Structures are given as structure tokens and as C-alpha cells.
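Input: a single structure, listed below in C-alpha cells.
Only a predicted model underlies this, so the values are computations on that prediction, with no experimental measurement involved. Chain A is the first sequence line, chain B the second, and so forth, proteins listed ahead of strands; every chain is numbered from 1.
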2 protein chains.
Amino acid sequence: MKVVRNGEAQRAPRSGIARSAGPAADLPLDTILRGDCVAALSRLPAASVDLVFADPPYNLQLQGELKRPDDSRVDAVDDAWDKFDSFQSYDAFTRAWLLAVRRVLKPTGTLWVIGSYHNIFRVGALLQDLDFWILNDIVWRKTNPMPNFRGRRFTNAHETLIWAARQPEAKGYTFNYEAMKAANEDVQMRSDWLFPICSGQERLKDEAGHKVHPTQKPEALLARVILSASKPGDVVLDPFLGSGTTAAVAKRLGRHFIGVERDAAYADAAQARIDAVEPLPDLALATAPTAREAPRIAFNSLVERGLVTPGTMLTDAKAKMRAMVRADGTLSLETAPGLGQIGSIHRAGALAQGIEACNGWTYWHIATGEGLRPIDSLRAVVRTEMAMAAE
Amino acid sequence: MKVVRNGEAQRAPRSGIARSAGPAADLPLDTILRGDCVAALSRLPAASVDLVFADPPYNLQLQGELKRPDDSRVDAVDDAWDKFDSFQSYDAFTRAWLLAVRRVLKPTGTLWVIGSYHNIFRVGALLQDLDFWILNDIVWRKTNPMPNFRGRRFTNAHETLIWAARQPEAKGYTFNYEAMKAANEDVQMRSDWLFPICSGQERLKDEAGHKVHPTQKPEALLARVILSASKPGDVVLDPFLGSGTTAAVAKRLGRHFIGVERDAAYADAAQARIDAVEPLPDLALATAPTAREAPRIAFNSLVERGLVTPGTMLTDAKAKMRAMVRADGTLSLETAPGLGQIGSIHRAGALAQGIEACNGWTYWHIATGEGLRPIDSLRAVVRTEMAMAAE
DNA sequence: TGCTCAACTGAATCCCGCC
DNA sequence: AGGCGGGATTCAGTTGAGC
């Protein structure tokens, strides 16, 4: 399928603050659009949204009354009405809203969809058919799932989320790797997440004490989605807003939201909920400075600043390989025979090990009063100096 | 789509003894059929198999080569059998073997398929299209998955299994509910299972020490599948036998097996492996208990559960050092100058003291009505929740 | 024999900005 | 827009050599 790509998307700055460039002026930011999501999305400018979270109808095939995905009642429920028709119309519905989402997503934008085994396989296959690019499937493990009452199956204790980029080979999508790792005891965040279901105080209830929405998602789940895949100031869209969890969490986390909801009662409850949310202060939001986003420092600038003197010998951590620092910031390998023994700290490190690539900042060490230290520690000094100078 | 149903299917007895009636006389029991699985299955009698476990190619669609941070190359699954021209051709392949499986399944039979996000959505959607009836999707959580080396996604730490009945409203399929519950410390077995990947002694190696099959599954996984969904004496079919895990476990557990494998080297290795298996005595066929998961709690989960609010200030025991809790569960040191003052509770604690490592749980304290308390004291609440969700 | 440590490994759709 | 090159990136576990 040929996909229309939009050229107007803004590029986020490579370094500096993590907050993205401002959203397009004609976006209905921080509002709930009432009505059908495909129609509402078609009125938004193309390539304007950073992150989409979608919690579509699950197409639960309950015995008895059947409803179409658009919630219209099936006129004549007779025996001829078979499941294939139901899947087909669910697929058509899914395809329609996925295409609408694709149009409003920035090229660097990503999409999350949550579902259960009733619908998630269809959604995932359609995502692939429509040329989205799956980045992960995520399992939400419920601490407190509903038990299986009949004892005829395993307790259905999880739901599945799919995280997908707008297109294959998407570069530049947001993934706050360091924040996720730090949030997970300093090991990489995995694809299986553990959260309680939404209950207690968090669960919206009407005056009669009945739950407002049958499938309200926990805020913790949305918080992890939004924190992992967006930056403060980004635009988060939820085409099936329901009780408004996505919008409430986005607001609290300093993101803009756009919600679409066609049920007036849901939209009213969501609006009231969102209004009561107090955004967190900026300081509690700034994403951890990632190594990738840190200002680039050339090794040569260490030489220029006098932190490293030309002629200094660098070694690897075991002091086996040696290289001399030259005045232009390149290294000269001491022991390598033949040609090509001069290059950047990275090339020299790769040559020293006989491998293709190497991070010279961590490979090469310099002798100090307290023993060998990686030259990366000198770069930290420069970075600190620059940060102080900027204030 | 209209699905061809086989009229010759036998009706299983409505109730009765746990051990199934004997298998059909013309079944090639306990053998490996060499060749293409669709062709092999077409030669089996219809409605003759109780349980199918299928581990089809995943269609991984790997692009280039991947290297670890130490520059070593990841030994990827690049075999020809995993390559498909398009999703369309993968779908055609899948549809063909699913239809072949449907024919040989008894009306009470069930099918398991394992896959990853690369293929499982297509398999699941096709199962539904072909009128199978999904009973559960099961998540195999890996204790020791391969990390994400580039830090651009979540660690892909699970695979998905679909458990489906041959047809909707299937009655009389086997689910050993009590055995599963007993194996799970007397609470219902959930849809998320925790197992290590297959390695060590269990992993088949050739004379040169290379793995025989790139994707050998752990026996523990197959044991749970077979113990949950079949009875002793049942016929278990694996259309993609590979290294023979399904057959080996089936034999050990007192089930008959039929394996199909077209690669001669795989089939030879599987045959040798199966020959070495000693079936368990009848009395020992009771299920083995599963180990409980050691609860590991991230500070972030306290934030996600609302036990600690973003913006809260933590201090050390003497209230000298201060740090602010951020929305993603990381801390921001208040007094450290320059960059790099954001990190996990452990990193922040180490930074605050100028030491290499620190247990943030005991270092950081939170103000309560009864004075400062270590944040470790907040973990008990989460531990209780997690213990209930653990296996 | 027992301990330590280095080396190796696993179904993986794994970078990005600048010229 | 394609190529170049700086430089960022890993967890749990097994095996075997060395002491």
C-alpha cells in the first residue's frame, strides 16, 4: 500500500532540552472532541500528533446479543449471522481508525493499542498490513485479575499492548530508554509489566455508585506508556477516550492531549476528571538527560582546553595497548605495525582490538594519581563546565 | 469465509474416565514423519489427534546483523525456513497448515501455537477466520531473555502462545484445572507463565558444540502445555517438530506423539533424543509444583501505585542530602551542581555520597507523621500485591 | 577439590546527525 | 538522499580454564 507521507513534520532538536518543538497552531489542544473518531481525526491537521494511545472496543463475542463495532444493534439476529461477518466488520472498523491515526501521526510518532485475545490479533495483523512497524508487544500482567469462574480455562490475567511506529524504518521515534531503565532498578525495562487493575478510589463512579465506564484503565499503565514514548509538551491523542485516563495522565505529566469520545456520558465524566487534575511541576517531569542527547564533545576539545597534553600516552584498561595523543586530537597507536595506525580515539580503539567499531571514550584510559581512568571522565568535566557557563 | 467441516469426525464420549479411549489403529504413533507437514498430515486419518502443539517459523524479517556492545555478533535466526516473501505468503503458509491440523484434530481436540509479535497476530487472526475458538492466550515470560543491545526498545522478554479449540462452542476439551491449580500453590493457574529459555545441559549440541536447532523450546514449557491440556494415553501431534521437545516431553509424560519434520538433521537429532527418554511411571505423572517468583520491586512501582507522589522530597537519615521524586520514579538530587544528578534511587544515593554504589532503599528516607522512615518500609504494601500475582 | 573470573550465549524486526 | 563516521549500547546464566 502506498502511504502518504507528510513533509511538514517538525524535527525535534537533537540536543539541549528534551521538550519538543511546539505543536501546530491549529490543533484543538487539551480538549475532548465529541463524535466519531474517524470523522474527528479527519478534521485534524496531518502529521501533528506525537503519540497515540488507543483502547478500541474489544469485539467481545458474547453469547446472545451481538453488536457491531460501531455499536449499532444488529437488526435481525438470526442464525445466518455468523462470526465471519462480525470479524469482517470489526476489521473494517479497525482499518478505518488506523488509517485515520496514521494520517495525523508525525513521521516520528508512535501508536499504542491495547486489547485482549478477542481483538488484539486482528489489530496486530492489520497494523502490519497497513505498513505500521511493530516495535514491541507489551504484556500488562494484572496483579488482581478476575478469576475464571467455570474452571475451564486459565485465569485470563493479562492484556496485550502493541507499540508501533508509523512506518517501517522509522527513525527518531521517542523512547526514553534511560528513564525506563532507571525506573526498573537500573536494568532494562522488559516487555512484561505488572499493575493492578483500576479499582478503589481511582475508579470513576456515578452518583449511584456504579462504575462510569466498564473498562477504565489504570493510570499507572498510561503513565508508563506516556513516560516511555513521549516528551513533555508532546501531543498525545486518544481516539477512544472513554473515562479519560489517557488525557488525565497526559495532563498530569505535562503533555498536551486530544481526546475523542462519542458517548456524551463518558465525555462528561472524562472532562470533569481532567479538570480536577493538577499538572506536576516541570522539575518533576524533565526526562533524565540521555547520553545520546548530551552535547557532543570532541576529544580534540580536551586537548584544546589543556586537559590532555599532546604527547600523553593513553592505554586500554589493562595497560596493554598504548597510543599517543597528537596535537590535532588524533591518536597514534604505538604497537600497530604497518599503515593506518593513526585515527580518532574511536578508530584507534577499534584498530587496537582488531574490531570494527569502538567507543574510544570508554576504551582509552589516562594515568592519574589514583590510577587509570577512562578519558570519558575528562569529558564529564568539560560538560559540567559548559553547563555552569550556560546558567 | 466458509470453512469446510469434516463429516467423519467422531463424537467424543460426553463424560467418563480420565484416560481417553485408545487411539485409532492406523495412526503412526510415536514416530517422526519426515517431510512437509501439510502433506504428512493429509495422510493421517481425520479426527484422530487430541492435542496439537505447533512452533511454526516466526517470519522474523531481520534486517542487518546485530552486534553486542562488546562488538561480538549475535547469532541470529537467519535460516531459509524462516524467510517468507511477504505477509501474504506467510498467511497462505499458515492457513494451509492450520486447515491440515483442523482435519486431524478430534472435535474435542485443542491446538497450541507459539509465536512472537512478528507472526502471532497473523496466526491468531487466521485462527479466528478459520473458525477455531480461542480459549486463552498465554504469555511465556522469560527469566533470561536476550537484552536489547541498542537501547531503542523494551527488552523483548516474552513469547505468546494461543490455545484454541477446534471449533466454537467446543465441549469436552481437556483442561486439567485441578492439576494446574495444585501445581500453582492452590490458586488458579494464570495466563502468564515464567520459565527460563532452553540452555545448558538441556540444549542439544552437535559434535562441534554448536546448537542443533536455533529455537529449541524448554521442556518445562511443553510439560505445562501437555499436562494442562491432555490426558495420559492421548495423541499429541507436532507439525514442526524441530529438535523434538514436544515428542520427548510427551513420551516422558505417558502420551503418544506424532512429529512431522522435513529437515533430516533436525529429525535425526530429535529421534536420538526421544529414544533416550524414559517414560515416567504412571504414579509420577502428577504435576510438579512451580516455584514462586522472587518479588523484585522497583521504586517506580511505589510511584505508579500512588504510595509516593512525584515532587516529594526524600532525604538521607540525617536530612542533610535532599532529592526530589520525579514522575518516572527517578530522583533529582537537589544540591549536586552540573549535570548527571538524575538517576535511580541507587544512583542518586551513590551520587549524594560520592561513592560507587548505594542501596537507595535504606539510604533515602521519607517524612511521615512519626518522623523519617526509610523508603524500604513502603515496599511491604507492594510486596503483598506482587506475591498474589506471582506464580 | 573448590573457588574465581573471563568468555560466551540466547526467536532481535536494535542509531543518528551531518555532509 | 545516501554515505560516512562518531560513538552509544547488555542480562541472566552456563562453561571451562586457571589457580
- request: With B:R262 as the cation and B:F240 as the aromatic partner, state whether NZ or CZ is under 6.0 Å from the six-membered ring centre and within 45° of the axis.
  value: no
message: Tell me whether B:R68 is salt-bridged to B:D70, with the criterion being a basic N under 4.0 Å from an acidic carboxylate O.
response: no
query: Do A:R292 and C:dG17 have a side chain to base donor-acceptor pair shorter than 3.5 Å?
result: no
query: Are B:R122 and B:F87 in a cation-pi setup, meaning NZ or CZ lies under 6.0 angstrom from the ring centre and within 45 degrees of the ring axis?
result: yes
task: Give me the residues of residues 214-222 of chain B where at least one heavy atom lies under 4.0 Å from an atom of DNA chain D, by number, or none.
output: none
- prompt: Quick one: is B:K211 getting a side-chain N or O under 4.0 Å of the C:dG10 phosphate, OP1 or OP2?
  reply: yes
task: Could you measure between the two C1' atoms, the one in C:dA11 and the one in D:dT15, and give it in whole Å?
output: 23 Å
message: Can you see if the side chain of B:R150 gets near the phosphate of C:dT13 - specifically, an N or O under 4.0 Å from OP1 or OP2?
response: no
message: On DNA chain C, does the nearest nucleotide to B:N148 precede the nearest nucleotide to B:R68 from the 5' side, or the other way round? Give the residue.
response: B:R68
field: Shortest non-hydrogen separation from A:G349 to A:W364 and the atoms involved
entry: N-NE1, 3.5 Å
task: For A:R190, report the nucleic acid contact type (base, sugar-phosphate, nothing); a contact means any heavy atom under 4.0 Å.
output: nothing
- prompt: What is the nucleic acid contact for B:D78, judged by heavy atoms within less than 4.0 Å: base, sugar-phosphate only, or nothing?
  reply: nothing
query: Looking at A:H346, does any N or O in its side chain come under 4.0 Å of the phosphate oxygens OP1/OP2 on D:dG6?
result: no
message: OP1 or OP2 of D:dT10 versus the side-chain N and O atoms of A:Y177: is any pair under 4.0 Å?
response: yes
message: Apply side-chain contact (heavy atoms from CB on, under 4.5 Å) to residues A:L333 and A:I342 and explain how you reach the verdict.
response: CA-CA 6 Å; A:L333 262 183; A:I342 288 175; over 6 Å; no
field: N-O pairing of A:D186 and A:K181 below 4.0 Å
entry: no
- request: Please measure how far the P atom in D:dG7 lies from the corresponding atom in C:dC14, and state the result in whole Å.
  value: 23 Å
query: What closest approach, in Å, do B:I120 and B:I114 show between heavy atoms, and which atom pair accounts for it?
result: CD1-C, 4.1 Å
- request: Give a yes or no on whether a salt bridge exists between A:E178 and B:R347, defined as a side-chain N under 4.0 angstrom from a carboxylate O.
  value: no
message: Nearest whole Å is fine: how far is D:dG5 P from A:I345 CD1?
response: 15 Å
Salt-bridge present (A:D234, A:K231; N to O < 4.0 Å): no
message: Does A:L135 reach a base, just sugar-phosphate, or nothing at all? Heavy atoms under 4.0 Å.
response: nothing
- prompt: Of all residues at least two apart in sequence or in a different chain, which pass the side chain to side chain contact (heavy atoms under 4.5 Å, CB included) check with B:L60?
  reply: B:Y58, B:L62, B:V77, B:D82, B:S116, B:H118
query: Expressed in whole Å, how much space separates the C1' atoms belonging to D:dG16 and C:dT1?
result: 15 Å
field: Stacking of B:F149 on C:dC14 base (centres under 5.5 Å, planes under 30°)
entry: no
- prompt: Reckon A:A357 touches a base, only the sugar-phosphate, or nothing at all at heavy-atom distances under 4.0 Å?
  reply: base
message: Given the ring of B:W193, does B:R141 sit roughly above its face, with NZ or CZ under 6.0 Å from the centre of the six-membered ring and within 45° of the axis?
response: no
query: Reckon B:I120 touches a base, only the sugar-phosphate, or nothing at all at heavy-atom distances under 4.0 Å?
result: nothing
- prompt: Does any residue of residues 152-163 of chain B have a heavy atom under 4.0 Å from DNA chain C, and if so, which ones, in number order?
  reply: B:R152, B:R153, B:N156, B:E159
task: Mind checking B:G115 for me? I need base, sugar-phosphate or nothing, with any heavy atom below 4.0 Å counting as a touch.
output: nothing
- request: Write down the distance separating the C1' atoms in C:dT13 and D:dA12, rounded off to the nearest Å.
  value: 23 Å
message: Taking syn as a glycosidic torsion within 90° of 0 and anything else as anti, which one is C:dT13?
response: syn
query: Checking all strands, does A:W364 fall into the base, sugar-phosphate, or nothing category for heavy-atom contacts under 4.0 angstrom?
result: nothing
task: Please report the closest heavy-atom contact between B:P239 and B:F53, naming both atoms and the distance.
output: CD-O, 3.3 Å
message: Please give the distance between the C1' atoms of D:dT10 and C:dT9 as a whole number of Å.
response: 12 Å
task: Pick base, sugar-phosphate or nothing for B:P196, based on heavy-atom distances below 4.0 Å to the nucleic acid.
output: nothing
query: Just by modelled atom types, is the B:D78 backbone N or O under 3.5 Å from a matching donor or acceptor in the B:K83 side chain?
result: yes
query: Could you give all pairs that pass the side-chain hydrogen bond (donor to acceptor under 3.5 Å, both in side chains) test and reach residues 198-211 of chain B, with sequence neighbours left out?
result: B:D75-B:K211
- prompt: Hey, is the side chain of A:S344 poking within less than 4.0 Å of OP1 or OP2 on D:dG6, counting only N and O atoms?
  reply: yes
Plane angle bin for B:W112 and B:W163 - parallel if under 30°, tilted between 30 and 60°, otherwise perpendicular: parallel
query: When you check every protein heavy atom under 4.0 Å of nucleotides 14-19 of chain D, what one-letter string (B, S, -) results, 5' to 3'?
result: SS----
message: Let me check I have this right: for DNA chain D, each base becomes ., (, ), [, ] or |, based on Watson-Crick or G-U pairs with both distances under 3.5 Å. What is the full string?
response: .|||||....|||||||||
- prompt: Whole Å only: how far is the CG atom of B:D71 from the C1' atom of C:dC15?
  reply: 15 Å
message: Taking only side-chain N and O atoms of A:N359, does any of them lie within less than 4.0 angstrom of OP1 or OP2 on D:dA8?
response: yes
message: Does B:C198 reach a base, just sugar-phosphate, or nothing at all? Heavy atoms under 4.0 Å.
response: nothing
task: Report yes or no: is the cationic atom of A:R102 (NZ for Lys, CZ for Arg) closer than 6.0 Å to the six-membered ring centre of A:F132, at no more than 45° off its axis?
output: yes
message: Tell me whether the side-chain N/O atoms of A:K181 come closer than 4.0 Å to OP1 or OP2 in D:dT10.
response: yes
